[in-house]
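Since the structure comes first, as structure tokens, the remarks are kept for the end.
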Amino acid sequence: MPWNNSGGPNPWGSPGGGNRPQGPWGVPPPGGGGGSGRGPDLDDAIRQAQDAVRRWLPRGGGTGFGRGGGRGLAVLAVLAIGAWAASGFYRVQPDEQGVVMRFGAFNRTTPPGLNYRIPWPVESVTTPRVTRINRVDVGFRSAVDSGAIAQRPTPSRDVIEESMMLTGDENIIDIDFAVFWRIRDAGEYLFNTRNPDVTVKSAAESMMREVIGRTPIQPALTEARAQIEQQVRLGTQAILDQYRAGVEITQVQLQKVDPPGAVIEAFRDVQRANADRERARNEAESYRNDIIPRARGEAARMVQEAQGQKDSQIARARGEAARFVSVLSSYQVAREVTMRRIYLETMEDILRRNPKIIVDNRLQGLVPLLNLDNGRPAQPAVRPAPPAVAGSVPSMPPPPRVPQPGVGR
């Protein structure tokens, strides 16, 4: 044993046995004394520990380690080795991933749950959280921590050297955006990149400048925001995959897309002018869409009416021709009767349309001009017919010539 427990002096110079312990200079320690009420002294604690060890050791010949001391040391060695081996068990939480290092070099990754490693100093383990969403701000610095979980902060400071970018039509635009990412492979994340936050920020800023350099300013300010976010996310992820950074980009969010502050008012005037131009163009298009179909309908109606008039005239002409042919055939069969009928019909038509004055043939001294119709132009007087002779038939004028294209029945 380190000192003799058979009554010899203890390390503080006090005699053995049950005497009160003494300090190194023969003075009792401040915590000693069984009746002092200050708690157990150091000798009593050491003695109790020795008794506990002695109970675990096998009984041998003597109080020391003697002949049975070898077995005791073996048991102690086995217990120590067992405790050292049991220290290799470790637990990985559900939101973590275990990274095992052997002599400081990366060896493997372990999933959540109870795992085992060779105890220290051979292997050590690190368990970073892989489900936490981290945030990197580009173009501004927010009031919240950039590494905190995803949230939409109010920008507190604008970083001009990061936010000013050149568009595809050689305009300058001020863009602030945030990149959200998480750890996908803890081993690559810890050992392939020195500073993952800076790597993610540099890759995202480079890809944003590339995408904006291909996009005109007008779509970038209006309808192309979602497309820009998607292109930047995919491009940044491709760069980080080339670096084998073990990082997954979950979202790219545009915070502000504006012209530079020095020209923003002029730009807004241009935007208002463009809006007025679009409004006038829409009104013109509306008027055009209203008047052109109406004109086309009117033109179609006129064409249809002309076509109907054409068909009507053609049908009427064909009917009159057919009628003339039928009259001609009748005339050729009975010339006298046909000529007389035509004459009577012609006279009937003439007399129906002209005023008639009937004068008795016995009237003498007839005035040559009789203006009987007020408001009508003067009509020539009708010569009195010669007196008719009883039983005689009035002479008939020669029948008129049959017209070639005339109308007959």
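The residues of the chain are indexed from 1 along the displayed sequence.
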*asked:* Check whether Ser312 reaches the backbone of Gly308 with its side chain - one donor and one acceptor, N or O, closer than 3.5 Å.
replied: no
_Given 3.5 Å as the limit, does a donor-acceptor pair link the side chain of Ser163 with the main chain of Val159, or not?_
yes
*asked:* Salt bridge or not between Glu305 and Arg301? Use side-chain N to carboxylate O under 4.0 Å.
replied: yes
_Heavy atoms of other groups near Leu166 CG, more than 12 under 6.0 Å_ = yes
*Got a sec, which residues hit salt bridge (charged side-chain N to carboxylate O under 4.0 Å, His left out) with Arg182, two or more places apart in sequence or on another chain?*
Glu248
*Not counting sequence neighbours, which residues clear salt bridge (charged side-chain N to carboxylate O under 4.0 Å, His left out) with Asp185? List them please.*
none
_Tell me whether Trp120 contacts the main-chain N or O of Trp84 through its side chain, where contact means a donor paired with an acceptor under 3.5 Å._
no
*Can Arg353 and Asp349 be counted as an ion pair, charged N to O under 4.0 angstrom?*
yes
_Atom pair CG/CD of Asp269 and Gln271 - distance to nearest 0.5 Å_ = 10.0 Å
_Under 4.0 Å between a side-chain nitrogen and a carboxylate oxygen: does that hold for Arg316 and Glu320?_
no
_For Glu205, is there an ion pair with Lys201 - N to carboxylate O distance below 4.0 angstrom?_
no
*Basic-acidic side-chain contact under 4.0 Å: Asp241, Arg184*: yes
